[in-house]
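In what follows, every heavy atom counts, from backbone to side chain, and hydrogens, waters and symmetry copies are set aside. Small disclaimer: the values here were computed from a predicted structure and weren't measured.
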Amino acid sequence: MEHLVSSWCNDRSLPESYILPPEDRPGMLPLGKNIPVVDLGAHGQTDILQQILEASQEFGMFQVINHGVPSNLIDEAMGVFKEFHALSAEDKAIETSKDPDKSCYMYTSSHNYATEKFHFWRDGLLHHCNPLEKYIQFWPEKPPKYREVVAIYTAELRKVGFRILEFIAQGLGLNPDHFSSELGENQILLVNHYPPCPDPSLTLGLCKHRDPVVINILLQSDVYGLQVFKDEEWIGVEPIPYAFVVTLGALIQIISNGKLKGAEHRVVTNSNLARTTASFSLNPFYETLIEPAKALVDASNPALCKSFSYKDFIIKYRADASYGTAFE
């Protein structure tokens, strides 16, 4: 745990291993254009479907409001996430090492910290969420309300995620429950923490990437940091109170046979404020075969990629996810 950015960031300037090459540094990017915002509480279901489909084709990312998750629950969840990251490195190590199979763990920068050429300015807590009765025993017990609050919070986000996936399936002309079995039942929570950075113009919290998931539902907090890449430029995603950012992953681009876009995005840092975010992802089981949906493949629209297991995908993704490489 001595490598966690939060363990040493207040004591020194930006280490050389965090300074990116000039062409990859974020520089200063003001908030300008924004991504689409979809009101899930609107009455017209056809309009909601159309907005989600258009945003998924154009950006691979959109924000949702009036999603049904109570604001007080969102506040409670963000509270325990911040409290966890405020624990000592010793407590974090104890709280994330209970499962020998590592269904709950912490890491810094990326999974390839020991071998990557450059590091990224973030610490991450990751744990599995489904089935709850199997995994909750390995979740942190500090702060004291973590398990209670996060169990309720992730159950609510599961509902939101599957509702959005139903809209996406219908928009693609698939059965509404296309994503509701093997493709979405492996659910993971990743709570990232980005401490104040000595020089945000030289480094990143996360480099440009597509998520190795079906979809991610992100709670941004009130501190700006997320950017999406579109039309050869970076667009800052403005934090909206109590909204979630929905990001389509690489898998949905494959399953849709290229009809939808897995969003390329990155995270910039902040010199004055810490930023804590929580990303809830819906993923396939590791044995699940990933391939374009058969209903979307015909003589005029051949499959754009071969079938592969999700386990093989993750192994390859993590091996290639260090700086300067991307899974293709």
I'd like to know if Phe308 and Ile255 are part of one continuous hydrophobic network [Ile/Leu/Val/Met/Phe/Trp/Tyr, side-chain heavy atoms within less than 4.5 Å]. yes

Side-chain donor/acceptor of Arg25 to backbone N/O of Ser201, under 3.5 Å: no

Judged by modelled atom types alone, do Tyr224 and Asn270 share a side-chain donor-acceptor pair under 3.5 Å? no

Check: Asp101 side chain, Ser103 main-chain N or O, donor-acceptor pair, under 3.5 Å: no

Passes side-chain contact (heavy atoms from CB on, under 4.5 Å), Phe162 versus Glu185? Steps please. CA-CA 10 Å; Phe162 279 124; Glu185 288 293 353; 3.9 Å; yes

Distance col, row Leu273:CG vs Cys197:SG, nearest 0.5 angstrom, shows 12.5 Å

Donor-acceptor pair, distance only, cut-off 3.5 Å: does the side chain of Asn257 make one with the backbone of Pro302? yes

Is there a donor-acceptor pair closer than 3.5 Å between any side-chain N or O of Glu233 and the backbone N or O of Lys230? no

Going by side-chain hydrogen bond (donor to acceptor under 3.5 Å, both in side chains), Asn192 matches just one of Arg122, His85, Arg275. Which one? Arg122

Do the side-chain N and O atoms of Asn112 and Thr115 include a donor-acceptor pair separated by under 3.5 angstrom? no

Measure up the Phe84 and Tyr146 rings against each other and bin them: parallel (under 30°), tilted (30 to 60°), perpendicular (over 60°). tilted

Over all heavy atoms of both residues, which pair between Pro200 and Ser271 is shortest? Give the atoms and the distance, please. CG-N, 3.5 Å

side-chain contact (heavy atoms from CB on, under 4.5 Å) between Tyr153 and Glu156: does it pass, once the steps are laid out? CA-CA 5 Å; Tyr153 175 77; Glu156 289 295 317; 5.9 Å; no

I'd like to know if the side chain of Asn186 and the backbone of Asn283 have a donor-acceptor N/O pair within less than 3.5 Å. no

Just by distance, no angles: are the side chains of Asn301 and Asp298 close enough, under 3.5 Å, to form a donor-acceptor pair? yes

Without hydrogens or angle criteria, can the side chains of Glu116 and Ser109 be said to hold a donor-acceptor pair below 3.5 Å? yes

For the OG atom of Ser281 and the CD1 atom of Ile188, what is their distance to the nearest 0.5 Å? 5.0 Å

Residue pair Ile252 / Leu282, side-chain heavy-atom distance below 4.5 Å: no

Indicate if Ile314 and Ile215 have the same hydrophobic cluster label, given that clusters are the connected sets of ILVMFWY residues with side-chain heavy-atom separations under 4.5 angstrom. yes

Does Gln253 reach the side chain of Leu248, with side-chain heavy atoms less than 4.5 Å apart? no

Please examine the side chains of Thr154 and Gln187, heavy atoms only from C-beta on, and report whether any two atoms are closer than 4.5 Å. no

I'd like to know if the side chain of Tyr105 pairs up with that of His111 as donor and acceptor (distance under 3.5 Å, no hydrogens or angles considered). yes

Flag side-chain contact, heavy atom, 4.5 Å: Val160 against Phe280: no

Using a 4.5 Å cut-off on heavy atoms from C-beta on, say whether the side chain of Tyr242 contacts that of Asp75. yes

Ignoring hydrogens, what is the shortest heavy-atom contact between Pro292 and Val297? Give both atom names and the distance. CB-CG2, 3.7 Å

Rounded to the nearest 0.5 angstrom, the CG-CH2 distance for Leu132 and Trp139 is 5.0 Å

Checking Glu58 side chain against Pro36 main chain: does a donor-acceptor pair fall under 3.5 Å? no

Strictly by modelled atom types, are Gln50 and Glu54 linked by a side-chain donor-acceptor pair under 3.5 Å? yes

Between Ile35 and Ile240, is there a shared hydrophobic cluster once you connect ILVMFWY residues whose side-chain heavy atoms come closer than 4.5 Å? no

Partner of Phe120 by side-chain contact (heavy atoms from CB on, under 4.5 Å), out of Thr108, Leu20, Thr269, Val267: Leu20

Answer yes if Leu304 and Leu296 sit in the same cluster of Ile, Leu, Val, Met, Phe, Trp and Tyr residues linked by side chain heavy atoms under 4.5 Å apart, and no otherwise. no

Between Gly171 and Leu53, the two heavy atoms sitting closest are O-CD2, 3.6 Å

Verify the cluster assignment for Phe138 and Val191: are they in a single hydrophobic cluster under the rule of side-chain heavy atoms below 4.5 Å apart? no

Closest heavy-atom contact between Asp211 and Tyr317? CA-OH, 4.3 Å

Is any side-chain heavy atom of Cys104 closer than 4.5 Å to one of Leu125? yes

When rounded to the nearest 0.5 Å, the distance separating CZ of Phe81 from OG1 of Thr276 is 10.0 Å

Begin with the C-alpha distance, continue with both residues' side-chain angles, and end with the deciding distance and a verdict on side-chain contact (heavy atoms from CB on, under 4.5 Å) for Phe59 and Ile235. CA-CA 10 Å; Phe59 290 84; Ile235 298 171; 4.0 Å; yes

Note, Phe118 side chain near Thr203 side chain (heavy atom, < 4.5 Å): no

Can you tell me how far apart NE2 (His67) and CG (Asp39) are? Round to the nearest 0.5 Å. 10.0 Å

Got a salt bridge between Lys98 and Glu141, using NZ or NE/NH1/NH2 to carboxylate O under 4.0 Å? yes

More than 12 foreign heavy atoms under 6.0 Å from NZ of Lys142: is that the case here? no

Do Glu166 and Arg163 meet the salt-bridge criterion of a basic N to acidic O distance under 4.0 Å? no

Interatomic spacing from NE2 in His127 to CG in Leu189 - rounded to 0.5 Å: 4.5 Å

Taking His209 for the side chain and Glu264 for the main chain, is one N or O donor matched with an acceptor at less than 3.5 Å? no

Step by step, would you call Ser6 with Asp123 a side chain to side chain donor-acceptor pair (under 3.5 Å)? CA-CA 7 Å; Ser6 54; Asp123 298 330; 2.8 Å; yes

Could you go through Phe244 and Leu40, starting from their C-alpha distance and side-chain angles, then the distance that decides it, and tell me whether this counts as side-chain contact (heavy atoms from CB on, under 4.5 Å)? CA-CA 11 Å; Phe244 293 115; Leu40 292 181; over 6 Å; no

Would you call Leu172 and Ser256 a side-chain contact if the rule is heavy atoms closer than 4.5 Å? yes

